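All of these numbers come straight from a predicted model, not from anything done at the bench. Excluded from the calculations below are hydrogen atoms, water molecules and symmetry mates; all remaining heavy atoms, backbone and side chain alike, are included. Below, chain A is the first sequence line, B the second, and so on; all start at residue 1.
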Amino acid sequence: MTHKTNRSRVLRRVGVAIAAAIAVSTVASTTSQAASKQSASKYGGDVKVAIGDTFPGFCFTNNPANSALMAVRTVYETLFEKTIGGDMIGLLAESATPYADLKTWDIKLRSGITFHDGTPLNADALKLNLDYATGQAAADQAFADAATHAAKATAFYTAFSATAVGRAALTGLGLADPTVAANAAANVGQVALLMALGIFAKDGALDKAAGLNALNFTVTAPSASYLSKAIGIGTSAAFTANIKKITKKDDLTVTLSLDRAQNDVESMLYASGRFVVRAPSQFTGARVATCGTGRPIGTGPFMTDENYTLVNTDTLAVKKNPKYWRKDPNTGDKLPYLNTITFTNIKESSQRAAAVRTGKYDAAYFSALGEGTFIQDLRKRKSILTEYKSGVEYYPSLWLNQAKANSPFKSKNARLAVLHCLDRVGYNKVRLKGEATIAKSLVGPKSIMYTTRGFQAFDVNLSKQYVAAWQAEAGNAGKTLEFTVPADTSTVSQRNNQFFIDQWAKCGIKVNQVIEEAAIIIAKAFNSGATSLATQNAYDAIGALLFEGTDVGFNLPFVLKSAWPAETAAANTVYNSTSSARIYSSAIGSILNLAKHNDFKVSQFFYDGQAKQSKAGAQASYIEGTAYLQTEGYMGSTVHGYYTMFMNKKRGLTNIGKLQLVKGKTQRLVTNWGIDWTGVQKKKG
Amino acid sequence: MDFLQILAKRLVGLVVIVTIATFLLSLLTWLLPGDAAEVIAGGAAPQVIESIRQDLALDEGVFGYYWNWYTGLLTGDLGRYYLAGGYREVSEVVGQTLPVSLQMLIYAQIVSLTLAVPLGLVSAYKENSRFDRIVSSTLFTMVSFPSFALALIMSLVFAVQLEWVDPIGYVAPSENLLEHLKLMILPVISISVGLTSSYTRLLRNDVIQTLKEDYVTMAASKGISDRRILFRHVFRPSSTTLLTSAALNMGGLIGGTIVIETIFVIPGIGYEIFYAIGSRQLIAMQTLIALIATFYVFFNTTVDLITQVVDPRTRERRV
Amino acid sequence: MTNLLEIEDLSVGFRTPRGNLQAVRNATLTLAPGESIGIVGESGSGKTVLSRAVMGLLPSTATRTGSIVYQGREISDLPRDEVRDLWGTGMAMIFQDPMTALNPTRRIGSQLSESLVVRLKMDKGAARQKSVELLRRVRIPDPEGMLRKFPYQLSGGMRQRIMIAIAVSCGPELLFADEPTTALDVTVQAQVLELLDELRAENNTAMVLVTHDLGVVAGHTDKIAVMYAGDVVEYAPTKRLYASMKMPYTEALLNSIPRLETPTGSRLPVIEGRLPDPTKEVAGCAFADRCPYVSEKCRAEKPPLMDAGDGHLYRCWFPIGGVN
Amino acid sequence: MSETISTADSADTGPLAPAAKRKRPVGFYLAGSWLGSIVLLGLFGALLPLRQWDLASYDYLGALPGTPGHPLGTTQDGYDMLSGLINGARISIFVSFFAVLFGGGIGALIGITSAYFRGKYDLIVVSIFNIMLSIPNLVLSLALLSTLAYSSPDKPATLQRRLIILILSLTIVIIPILGRIARASALQWSSRDFVVASKSMGTRNFTIIRRHILPNVAPAILAIGFLAIGSVIIVEGSLSILGIGVPGGASWGSMLANGRGNIAFSPHEVYMPAICIALTVISSNWFGDYVRSRLDLREAKI
């Protein structure tokens, strides 16, 4: 249960919304008749904001945790934004238009927007962003490079498939049965691809292991051309796995070709506020190696200094972008209002609370999932603080790993025993000071996936019965149901775990807490780079805050067997993917398959829903999917929470959440990434 | 008393110590399970991992790896922190954080010495008096008091409850000197308490020894005042011991700042070391530890040389 | 002529963890202006303590009873500040070991001029001039250069001369010289003692010369007090003492002086045995255990101070040459 | 400086030293009885009819000291402070005792043999000691701990493993500190006449070390060992504050780290373990200082 508010908020958000609503409204035009009416003296001000996370970098691979995302979002903008009503509205994009089969979409950009470095935001820039973010650029390059290894791959495959040891090695690489002649062509192709990716045996070790020293096989490093484009391969790529191809249609429009029909592309491209558009100069050319640590270049209302590099990962200072493209749709005033904002990571909740309470900081960000004590204390001080709260739309859950060796969770009885033993009421009271809401489903009632069907309620006796049932299974007689969960080095994380460990003990389940650094847990649980397939999700179970919102897109990659269905799986031929999928499913593995079940039925429910033309139809499928997940016990939810921000009244921040995207359409006030600072004003003096 | 010879000898020692210490560290990290590049940048793009592998010469065995790092260090390349999307230069990080830590340490040293000198002199002068016994027992207790416990309790009392100062943070002196000093109060006190105790006790014992010297009686027999004797005749030789101790502490204190900087959220080098160690930034970790070891040995050497200027007795001994 | 110094019934003890250590018992001595007295005894006999007690330089663990009258003024119960006013200008001290008695961290010049500036309120220039003059008077070559030197750069004899210069710098009436020559070569010893005599003669300075060496005091003192285990055991004008010493202890001391005619390599006659434990009171004569003439009475009863006439006092039941 | 194990500190004298020669001071008895009760509680505390230390009572969250059933109150998480502190005594003493025992043992062995045999072996030992001592204790233990604690997926870092690694790291840190003291002390003794005489009579080296050197060096190591225990407790606490010491509130340092965030709401979570750490460190310092002054070991120090 690493519902940590501080460091370990793993990559989280890359969201989505269901909204089949296809018509995308437009932000009020920038033809402001009264642009000059604002006087220089009226606005300005310097703001200090206390957040709870560090800045991991600014590239595609860097997933800032929520509060850091708030800061990053002052520099970058997304293509779409969500209104209070839940509609998706174009921000950088003017419109998103689907073709009839929902497998092709045109994304049209607003004109006249430039990045901080002066380059224009156009179809080329967007295509580059999408190519890198989805990993398509790298994939295309890898396949091209694989062709150059064809001869070597053929020799290798022929030699290896001839001996039993060699065949075992090939199977170990994830290739199809080498004794079947029909698999040969595909397997050779796969070997060539592995060579291009540089994740083949090191220094001929595989060679030697297979007793085939004579081949002296030594391709170890990835090809340079592949590497120069591999920058985007990261966990976030999983969220856009459905994008097969990106083409430029005209100067401001790109066309997306999808594998499957999908009705919520805007949500996918919003990705819970994470799919931001970067200037190509940030991740191409000389910046390839420093994409994440050099200056972040976006289109946002604020920007960093020109010579910025990430040295201190605890702070980000931004200043007004004088050429920002938006104007206040109601007043026509030029945006943004503030002069500078400094975001500082104050990890300790108590210190963050003190920072805003004493007025040293204008604002501070908190999560109900772990900082209840401080939220409640600050809330008492109404005379000096104002609170801005999000909806209860964040759903941490417990993920049970079925793929790991020695994990007991291949057994449904074991899963259900564990999930029936979650004392949510006690957890909420003790750990969260009652600030959270008790889960009745994997997601909250406002979510389109919501159903209570099959959800495992707290029941110690039932849990004990399932333990007994598990013990009755072959080979488990007399054993104790035992598994491990990781906790990071923070107290909050360990204590959260401890609560459930105490609980499970009462149900006769023994749980070992494994304490490792947050970064290590993330690496082990999610994606361990190219060569460490074996170390993926090394834990029997892990608690993580991954589900959220009212729509399905952000949650999807976590619940599926794999965001990129393996091509060889006969059961999934309908959803077979090409290109990038082959790299990710074979070389990297499925990045976000936390549950690690082998069940393609899950994918079908959700893919069906995404293919529906009507919202009601989609919802019916999603609910079936949720019910199925809950019945099978692939994962369980504990409590649902919200995020909140406190502002110190003395510091005089106003106009919070007042800025409208278009006349009458207001952005959500507080989200996982806090508030939008574009429209915030500060009183003088 | 060939000054240069001593200097050269010390410098060689410094290089040897730092070289071996960092090599052992390299060996340790080399033995870690898993590919070092992936350990450093777990979850990064293969592009980044590959560049790390090349940067660090990971394919060249532990000696190649170490040599690569070492020659880099000698040519001023302190290595990098590798992040998923690029890197931070260790030199830049050190450039930003070391001054902050040094400021804090220097304040702590000034505070401690300012308190310790009169306390130590007076309690030695009044050896075994009630004043001396109270001071001695208090200080002996204080030196045992963990600085992190003191830091936490002080931030509870003075920052959280009384709200006299801010509980955390750092402001550069150039930005706002008053604010800077205010924020430095608690961390500096946390460090100073133990330091003051150990300095006072050191000085007291040294002064007691010095007071028994004939030349002090001699000075007294000239009819000059006790105060003058204490400061003119006693303090100067005793200050050598104090100075040595103060300098030796600089190296150790840098390590001690890790906890204090973490508690008070001060962007200093101690926090960076912790970060580097915690996130397995092997190169940064190696470099920072090398820096600290250098720092430590460097201070030792400098003090030794300074001592000879302050206290000619040591010169006499050397000859 | 009134006495410069009158010590009466002076006792000094030290508080130690093992109990009271009686270092000096009921000493009574007098000294006229310009006169010189030698206090002689083994180490631990209390001679150094006696001289320091008179000056008031005892550590804080010491207790002192009895009377010390200096220039007709009782000084034993004066507050430290007033006693300090006497130091340097009235009484001054020359220490045993010139190696340790000069502050190693300060230059000769500053140590020399310190009392001139502090006590005589001279300005720096005058003090410097006077320092040079003092150094010249103690026959230091290149006195100007000497001012800038540190003690470790000098030989023992040089240092002792400098210490003498410091001691006499403020023109004291009474000089305490605590084993001024012990640490020096025999040839240098004589020069230093000559120098002291000269300087004393110039200013009519009285001197208390503390030494373990009867040979040293012979030519340079008017009176001698021999001390043993805290007691003054024999007290007489120098000439008389040498002519007819009464104490077996004094005799033993005299025999232990190295002489030029003693063949090198032969062992000096030493006094057998050790001083009694100073923290324990001895019932009889403290020297009894070591005395060649010891008898029952010596162990049973402590001899009083007896007068042999002509100011010759001694403390023995069976004095050499018999009781007068 | 308090989180570093400083032998410089031990070179000067605590308040007990001058008094020690007269009689045993009150502080000696105070320190001794605190240490004694900590050890007793650590050994037998589990037998007391107290709440299980790691069993939270959810009806008492952040209860103040004096609450019925929870004499010292509870944490914000509902853990009983009293049983937590008693368990913390067990772990803290366990970790520091074994770290000092092993570190002292190995250090003494290396130090004594190196002083006895001299030569190249001695040179190497001294160099390695100096190298290790040139890295601040906390930094060295941090580096060791985080390196050694890195676990492959098959070997999860459980609490037990973490404790063992912690003790191992601290042991390595202690070795040069006590080793240097042992060497310095042994150096003096191995040049004494009786050792030389023994040697000339053909006594075997290890017999000499065992009979003549070890008994003389042992007191010095014992005294400094007491001081080292205090320092190790501080280092353990610092590591816990940094989040990589003993996990889960099992040790005092860990309780302190856990309670840190709640300082404004239940300050007893912070000051109680802090006082326990401080008292134990103070006591072991007093005790060590007393032992040292009794044995008059000042000469043994270099």
Anything under 3.5 Å between a donor and an acceptor, one on a side chain of residues 148-156 of chain B, the other on a protein residue two or more places apart or in another chain? List them.
{"unit_1": "B:S155", "atom_1": "OG", "unit_2": "B:L152", "atom_2": "O", "d": "3.2"}

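Ring pair D:H268/D:Y271 is perpendicular by interplanar angle, where above 60° counts as perpendicular and below 30° as parallel.
Remark: of the listed residues B:K126, B:R204, B:R201, B:R204 is the sole one forming a salt bridge (Lys or Arg N to Asp or Glu O under 4.0 Å) with B:D132.
In this structure, chain B has heavy atoms under 4.5 Å from both the backbone and the side chain of D:V139. For chain D, no part of B:L288 is nearby; none of its heavy atoms comes within less than 4.5 Å. Contacts of D:L142 with chain B are made by both backbone and side-chain atoms, with heavy-atom separations under 4.5 Å.
We find the CD-CD1 distance between B:E272 and B:I258 to be 11.0 Å, quoted to the nearest 0.5 Å.
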Inset, instruction - Please step through side-chain contact (heavy atoms from CB on, under 4.5 Å) for the pair D:W286 and B:T141, ending with a clear verdict. - result: CA-CA 9 Å; D:W286 279 37; B:T141 309; 3.9 Å; yes

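When each of D:V270, D:I277, D:L140 is checked for heavy-atom pairs under 4.5 Å with chain B, D:I277 comes out on top. Between chain B and the options D:S283, D:S284, D:A274, D:G237, the largest number of non-hydrogen pairs under 4.5 Å is found for D:G237.
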